[in-house]
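Hydrogens, waters and symmetry mates play no part in the numbers below; they use all other heavy atoms, side chains included. By convention in this document, chain letters (A, B, ...) are assigned in the order of the sequence lines, proteins followed by strands, and residues within each chain are numbered from 1.
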Amino acid sequence: ALGQPSQCQEHVFLQFLGLDKVPSPPKFQPVPYILRKIIQDQAAAPSAGVSEDLCYLKELGVRGNVLRLLPDQGFFLNSKKHSQTSSCLQKLLYFNLSAVKEKDQLTIAQLGLDLGPSTYYDLGPELELALSLVQKASVWGKSIPKPGKLFALQSVPWPQGALRFNLLDVAKDWYINPQKNAGLFLEILVKGDRDVEVNFQLEDTCAKLRRSLHASLLVVTLNPEQCHPSSRKRR
Amino acid sequence: AAIPVPKASCKNLCHRHQLFINFRDLGWHKWIIAPKGFMANYCHGECPFSLTTSLNSSNYAFMQALMNAVDPEIPQAVCVPTKLSPISMLYQDNDDNVILRHYEDMVVDECGC
């Protein structure tokens, strides 16, 4: 029978991993394609990493030595019907950046929105997605926050067809001033007037969308103490 | 002074041994997503003076082995990793963040004295 390491021994190693205590997640979160690919590539060629710079992520084309996928901790809001548009879905997205340590430099902050199968793309122009920055923490609550800066929709090709937004500047601001992090306001709108039958179908689509929507923030950081500027050149 | 002939047999000489770290054995499979384990290896064996030049030894190991030969109170040179490689680990923390991090010096590739 194998023994167990002492709590002290384990604690020392967990600190080395950047953890305060043994994690006890109730279930594993979904792992995005890019993280799976990096791990699989390394497992396929275990010696490949030896001569490479550990602080350059060739899959993402940036420098960084830690990739974090932060889950959305926000909540849904009640949708409002406007004169010409009705809101299919409204949600506050919130990402806790406290896991990013002081010395880490952000090199990527990418919001991923997975809308589930056959929703946004199939309905084409009938649905519109708007993402805006919530300006103040005081708006958190049951009322709908006043959206601030509106982001342009930036969709990039991805194996799973999810929508991606570059939030690097926003995340840097949140990182420097955590009190500014009041989250993001996501709204999916249905345009125009419709008859009863079409409205019923759209309501069904919106309900599905609420169930399948999954948001996460991919954050890549670089620790200068572990990643020296000259390390690539030297290698 | 004459240097004593070492008693170590070939299989006791410093070399790399296989060691598979299975995260399940540590109970860490509950939070480490991948890999399930990895071949970390370890170094073990003797570093007798007569072989310090052929066992991937440092100059220091040579000098220590030399001193051990003339004064047995000085310990023999030790068998240590001389080349290590990194691995990446994918795990989940207490905030449900999924983290991929590279860790240097996790796998022993070569040993020496």
Side-chain angles (χ1 to χ4, degrees), chain A residues 2-5 10 13-14 16-32 34-36 38-43 46-57 64-73 95-100 216-221 223 226-227, chain B residues 14-44 55-58 78-112:
Chain A
L2 295 170
Q4 288 291 311
E10 196 171 35
F13 190 73
L14 289 170
F16 165 71
L17 293 179
L19 295 164
D20 297 328
K21 58 181 179 178
V22 178
S24 54
K27 61 169 189 170
F28 280 132
Q29 296 291 317
V31 179
I34 188 73
L35 300 191
R36 283 203 312 269
I38 293 170
I39 281 282
Q40 284 166 358
D41 287 354
Q42 201 173 72
S47 61
V50 176
S51 59
E52 288 177 11
D53 183 359
L54 274 180
C55 299
Y56 179 73
L57 297 163
N65 64 329
V66 184
L67 289 88
R68 290 184 178 87
L69 189 76
L70 312 181
D72 168 33
Q73 297 177 8
F95 302 98
N96 183 354
L97 291 173
S98 63
V100 181
S216 58
L217 188 69
L218 177 69
V219 175
V220 177
T221 55
N223 184 326
Q226 293 160 3
C227 300
Chain B
C14 174
H15 72 281
R16 191 181 69 168
H17 299 255
Q18 284 199 339
L19 168 65
F20 185 77
I21 305 282
N22 187 341
F23 290 131
R24 185 170 283 276
D25 292 342
L26 297 168
W28 294 359
H29 61 292
K30 293 170 189 166
W31 55 277
I32 294 181
I33 303 166
K36 302 292 179 198
F38 68 103
M39 189 64 80
N41 303 321
Y42 68 96
C43 299
H44 186 68
L55 287 176
N56 196 19
S57 305
S58 61
V78 290
C79 180
V80 292
T82 53
K83 188 181 173 193
L84 294 140
S85 58
I87 65 162
S88 293
M89 282 168 58
L90 186 66
Y91 60 91
Q92 198 167 321
D93 68 10
N94 277 312
D95 296 320
D96 279 343
N97 300 328
V98 177
I99 301 167
L100 177 73
R101 192 184 287 226
H102 300 303
Y103 293 98
E104 285 189 294
D105 303 341
M106 293 287 275
V107 174
V108 175
D109 293 324
E110 291 173 11
C111 300

Chain B contact via A:I38 - which portion, at a heavy-atom distance below 4.5 Å: side chain
field: chain B contacts, top residue of A:D20, A:V66, A:T221 (heavy-atom pairs, under 4.5 Å)
entry: A:V66
Donor-acceptor contact present, side-chain B:N94 to main-chain A:S24, <3.5 Å: yes
- request: With rounding to the nearest 0.5 Å, note down the distance linking CG in B:D96 to CD in A:Q73.
  value: 8.0 Å
- request: Give a yes or no on this: more than 12 heavy atoms of other residues, nucleotides or ligands lie within 6.0 Å of atom NE2 of B:H44.
  value: no
task: Keeping the roles fixed (side chain from B:Q92, backbone from A:P23), state whether a donor-acceptor pair exists under 3.5 Å.
output: no
field: From CA spacing to verdict: side chain to side chain contact (heavy atoms under 4.5 Å, CB included), B:H102, A:L57
entry: CA-CA 10 Å; B:H102 300 303; A:L57 297 163; 3.6 Å; yes
task: Can you measure from CD1 (B:I99) to CD (A:Q29) and round to the nearest 0.5 angstrom?
output: 11.5 Å
task: Applying side-chain contact (heavy atoms from CB on, under 4.5 Å) between B:L100 and each of A:V220, A:V31, A:L35, A:N65, report the one that passes.
output: A:L35
- prompt: Which value, rounded to the nearest 0.5 Å, describes the distance between B:N97 atom CG and A:L69 atom CG?
  reply: 8.0 Å
task: Using non-hydrogen atoms and a 4.5 Å limit, figure out which bit of B:Y91 sits close to chain A: side chain, backbone, both or neither.
output: side chain
task: Working to the nearest 0.5 Å, report the span between CZ of A:F28 and CG of B:L90.
output: 8.5 Å
field: For the student: nearest non-hydrogen atoms of A:L19 and B:W31, plus distance
entry: CD1-CZ3, 3.4 Å
- prompt: What heavy-atom pair brings B:S88 and A:I39 nearest, and what distance separates the two atoms?
  reply: O-CD1, 3.7 Å
